[in-house]
Amino acid sequence: MIIDHPLLGPRDAAEFVCLGDASLIERPDGRADDALEKFYQYQFIRDNPDGVHRELWFHEYGDRSWLVVTRNTLTHEIYNVELAREVAREMGRGR
Amino acid sequence: MRYSAWTLFKEGISGNRGWKPMWREPDPKSEYDIVVVGAGHGMATGYYLAKEFGCRSVAVLEKGWLGSGNIGRNTTIVRSNYMLPENQPFYELSLKLWEGLEQALNFNVMVSQRGIINLCHSDPQRDAFARRGNAMRLSGADAELLDRDGVRRLCPFLNFENARFPITGGLWQKRGGTVRHDAVAWGYARAADDLGVDLVQNCEVTGFLISNGTCTGVETTRGTIKAKKVGVAVAGSSGRVMARAGMRLPIESHVLQAFVSEGLKPVLPGVLTFGAGHFYVSQSDKGGLVFGGDIDGYNSYAQRGNLPTVEDVCEGGMALMPMIGRARLLRIWGGLVDMSMDGSPFIDKTHIEGLYFNGGWNYGGFKATPASGYCFAHLIARDAPHPFAAGMRLDRFRRGAAIDEKGVGAQPNLH
């Protein structure tokens with residue numbers, strides 16, 4: 001697989017490690033009343049779709065940036081690559 | 001038809017005209033007491049439901065043909081060298097069932113207890129193996145700690161002088177070994193069919209009939225099948241199948257690649273695993289080296305992997321035994337594996353009444369086939385978990401009761 005890094009251009013997927021579902025960006029509020037249940041769902045439960053999947057990749061042997069890669073789990077085709085920090089900011093996160 | 005040396009002889013002198021198909025090819029009935037989805041662990045489940053728990057109305061549904069799923073895509077290793085009390089007795093039960101399986105099924109599944117050696121490469125790793133070996137022996141399994149010379153006697157060809165990862169010893173389980181994987185599927189299917197279990201092939205489950213929180217059957221590509229109880233054992237595809245019942249699981253689907261070299265003269269005494277990288281190898285009866293290593297590390301349902309992992313696995317092999325450098329690869333394939341959040345499986349009821357789940361086998365499902373089938377059948381038939389599978393619950397993460405052999409936490413691609 002070739003991941004088209006937004007800053008560095010096309011890079012071999014072997015330079016990256018995959019963390020998993022991009023919903024891991026959406027860390028729940030630890031002070032909420034239902035924090036225990038929310039963190040259980042956040043930490044352990046996954047959607048695991050066959051088809052389009054948004055996931056976090058870390059450019060470990062590169063610029064060490066976190067990316068959100070939209071990829072098809074049936075064909076390994078990559079549709080979109082974004083910087084995770086921009087995705088997080090769009091969701092209203094400070095960083 | 002019972003197989004024996006006598007039937008072989010009789011058929012041999014009478015032109016082999018008396019052999020019959022090993023199982024029927026029934027059309028699915030509209031209703032069963034129990035429907036099991038998946039004909040790997042599910043085939044074993046069907047067999048034990050009929051044999052041990054007296055269930056007479058059982059169907060096993062298979063999406064493709066028998067043996068097309070993970071039961072035919074693994075590296076055929078059987079062993080019981082786990083440590084934690086929720087796992088080890090279960091896998092030891094499995095190994096005991098393997099030891100008696102050919103007699104039980106009246107089928108040659110080629111159980112070969114050629115032994116498995118987990119190599120260690122540092123003093124702390126040897127200490128960890130000593131501890132694991134003790135845990136194994138406490139469960140009634142066999143384990144023997146080998147020193148460097150002990151390993152050298154068995155496997156003189158290993159790279160003992162590797163500067164970075166010298167071999168310091170190994171943990172040897174003599175009762176481990178390999179089993180012919182396709183024959184396992186065929187043997188269970190034939191024995192279950194004899195007991196009246198319907199094996200329905202080319203029958204994909206497309207949905208579940210669920211009303212008022214109770215599962216009453218399945219929708220399939222061959223029509224609706226009603227059932228009092230439905231058991232799902234489709235590890236690798238658990239995520240997408242259980243999504244049809246509206247469930248999200250503590251599982252990611254990943255791709256694991258396996259490899260076979262060209263045929264070589266007998267060189268390996270048994271199964272070997274490299275303790276510094278991730279590489280395990282055995283030699284098939286045809287002579288090919290059957291080996292594998294890490295999963296690719298990203299979610300996949302593609303049943304094929306990428307080349308960097310091929311290179312990584314082969315590098316592990318070369319570090320361990322440089323003599324295989326000239327052997328050519330014959331085949332590479334990928335299988336889907338359910339990677340769970342703690343590296344351990346699930347055999348449990350779901351929150352939907354009448355729907356039972358078996359999955360999350362990571363890359364260790366094959367060795368578990370008999371015990372998985374037995375314990376799943378126990379759960380479905382008696383509505384109570386088998387004591388050896390009582391820890392394999394779906395809600396264990398909510399309770400903080402993870403079974404994490406490797407201790408890496410909720411990071412499925414590291415287990």
Side-chain angles (χ1 to χ4, degrees), chain A residues 1-5 10-28 34-62 66-81 84, chain B residues 234-244 246-255 294-312 315 334 336-342 346 359-360 393-402 404 409-415:
Chain A
M1 291 189 293
I2 303 290
I3 294 176
D4 195 3
H5 194 297
R11 309 297 306 179
D12 192 328
E15 296 177 7
F16 297 78
V17 289
C18 181
L19 181 70
D21 197 315
S23 66
L24 289 167
I25 294 176
E26 301 158 44
R27 189 181 170 86
D34 58 350
L36 199 61
E37 176 63 22
K38 284 268 175 61
F39 266 98
Y40 161 69
Q41 296 283 342
Y42 169 79
Q43 177 83 330
F44 296 112
I45 304 298
R46 300 283 189 272
D47 274 339
N48 199 19
D50 57 342
V52 178
H53 189 228
R54 290 182 84 224
E55 54 205 19
L56 284 167
W57 288 70
F58 179 54
H59 199 189
E60 186 170 30
Y61 302 108
W66 281 96
L67 305 179
V68 174
V69 176
T70 308
R71 195 176 57 91
N72 191 318
T73 58
L74 286 165
T75 62
H76 295 168
E77 185 183 358
I78 292 173
Y79 301 116
N80 193 21
V81 183
Chain B
V234 295
S237 294
S238 294
R240 60 178 161 192
V241 172
M242 296 313 280
R244 291 168 193 161
M247 284 182 69
R248 297 169 76 230
L249 299 169
I251 286 173
E252 288 178 3
S253 292
H254 284 255
V255 58
D294 272 324
I295 55 175
D296 272 38
Y298 44 81
N299 290 44
S300 175
Y301 283 99
Q303 286 196 323
R304 63 176 182 277
N306 272 295
L307 289 170
T309 307
V310 176
E311 190 177 4
D312 184 58
E315 281 170 356
L336 304 186
V337 290
D338 274 8
M339 297 305 293
S340 69
M341 295 295 150
D342 58 359
F346 306 96
R393 302 285 306 276
L394 269 168
D395 70 347
R396 63 175 180 255
F397 302 106
R398 182 177 262 132
R399 292 182 290 115
D404 200 338
Q411 178 73 61
N413 59 5
L414 298 183
H415 281 292

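Quick note on labels: first sequence line is chain A, next is B, and so on, each numbered from 1. No experiment lies behind these values; they were computed from the predicted model shown.
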Visitor: Tell me, out of B/L307, B/L249, B/V255, who's got the most heavy-atom pairs with chain A below 4.5 Å.
Guide: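 When all of B/L307, B/L249, B/V255 are compared, B/L249 has the most.
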Visitor: Going by the rule salt bridge (Lys or Arg N to Asp or Glu O under 4.0 Å), which residues pair with A/R27 if we only count those two or more places apart in sequence or in a different chain?
Guide: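 Applying salt bridge (Lys or Arg N to Asp or Glu O under 4.0 Å) to A/R27 gives none.
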Visitor: Quick one: are the ring centres of B/Y298 and A/H76 less than 6.0 Å apart?
Guide: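 Close enough - the centres of the two rings lie under 6.0 Å apart.
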Visitor: If you define the side chain from C-beta out and look only at heavy atoms, does anything of B/R240 sit under 4.5 Å from A/L74?
Guide: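 Yes, at least one pair of side-chain atoms sits under 4.5 Å.
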Visitor: Quick one: does any side-chain atom of A/D47 pair with a main-chain N or O of B/R248 as donor and acceptor, under 3.5 Å?
Guide: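 No, A/D47 side chain to B/R248 backbone: no donor-acceptor pair under 3.5 Å.
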Visitor: Within the 3.5 Å criterion, strictly below it, is a donor on B/S253 or A/N48 matched to an acceptor on the partner's side chain?
Guide: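 Distance-only check passes for B/S253 and A/N48.
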Visitor: Once you round to the nearest 0.5 Å, how far does CG of A/D50 lie from CG of B/N299?
Guide: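 Atom-to-atom, A/D50:CG and B/N299:CG are 11.5 Å apart.
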Visitor: What class does the angle between the rings of A/F44 and B/F397 fall in, given that below 30° is parallel, 30 to 60° is tilted and above 60° is perpendicular?
Guide: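 Correct class here is parallel.
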Visitor: Is it the side chain or the backbone of A/L36 that comes within 4.5 Å of chain B heavy atoms, both, or neither?
Guide: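 Neither part.
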Visitor: Let me confirm one number: the SG-CD distance from A/C18 to B/E252, rounded to the nearest 0.5 Å.
Guide: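 With rounding to 0.5 Å, SG (A/C18) is 7.5 Å from CD (B/E252).
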Visitor: If we only count heavy atoms from C-beta on, is the B/M341 to A/Q43 side-chain gap below 4.5 Å?
Guide: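 When only atoms from C-beta onward are counted, A/Q43 and B/M341 do not touch, as no gap falls below 4.5 Å.
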Visitor: Counting only non-hydrogen atoms closer than 4.5 Å, does B/A410 touch chain A with its backbone (N, CA, C, O), its side chain (CB onward), both, or neither?
Guide: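 For B/A410, heavy atoms of backbone and side chain both lie under 4.5 Å from chain A.
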Visitor: Can you say whether B/L394 sits under 4.5 Å from chain A via the side chain, the backbone, both, or neither, judging by heavy atoms?
Guide: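 Just its backbone gets close to chain A.
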Visitor: Between A/E55 and chain B, with a heavy-atom cut-off of 4.5 Å, which part of the residue counts as in contact: side chain, backbone, both or neither?
Guide: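 The side chain, not the backbone.
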Visitor: Please indicate whether B/L414 has more than 12 foreign heavy atoms, meaning atoms of other residues, nucleotides or ligands, lying under 6.0 Å from its CG.
Guide: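 Atom CG in B/L414 is packed in, count exceeds 12.
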Visitor: I'd like to check the salt bridge (Lys or Arg N to Asp or Glu O under 4.0 Å) partners of B/D404; sequence neighbours left out, ordered by chain and number.
Guide: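 Salt bridge (Lys or Arg N to Asp or Glu O under 4.0 Å) check on B/D404 returns nothing, list empty.
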Visitor: Quick one: does A/Q41's side chain get under 4.5 Å of B/R398's, heavy atoms only?
Guide: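 Heavy-atom side-chain distance check passes, below 4.5 Å.
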Visitor: Might you point out which heavy atoms bring B/R304 and A/T75 nearest each other, and give the distance in Å?
Guide: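 Minimum heavy-atom contact is NH2-O, 3.5 Å.
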Visitor: Checking heavy atoms, do the side chain of B/P308, its backbone, both or neither come under 4.5 Å from chain A?
Guide: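 Side chain of B/P308 only, per the 4.5 Å heavy-atom cut-off to chain A.
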Visitor: For residues B/I251 and A/R46, determine if any side-chain heavy atom of one lies less than 4.5 Å from a side-chain heavy atom of the other.
Guide: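 The answer is no; the side chains never approach within 4.5 Å.
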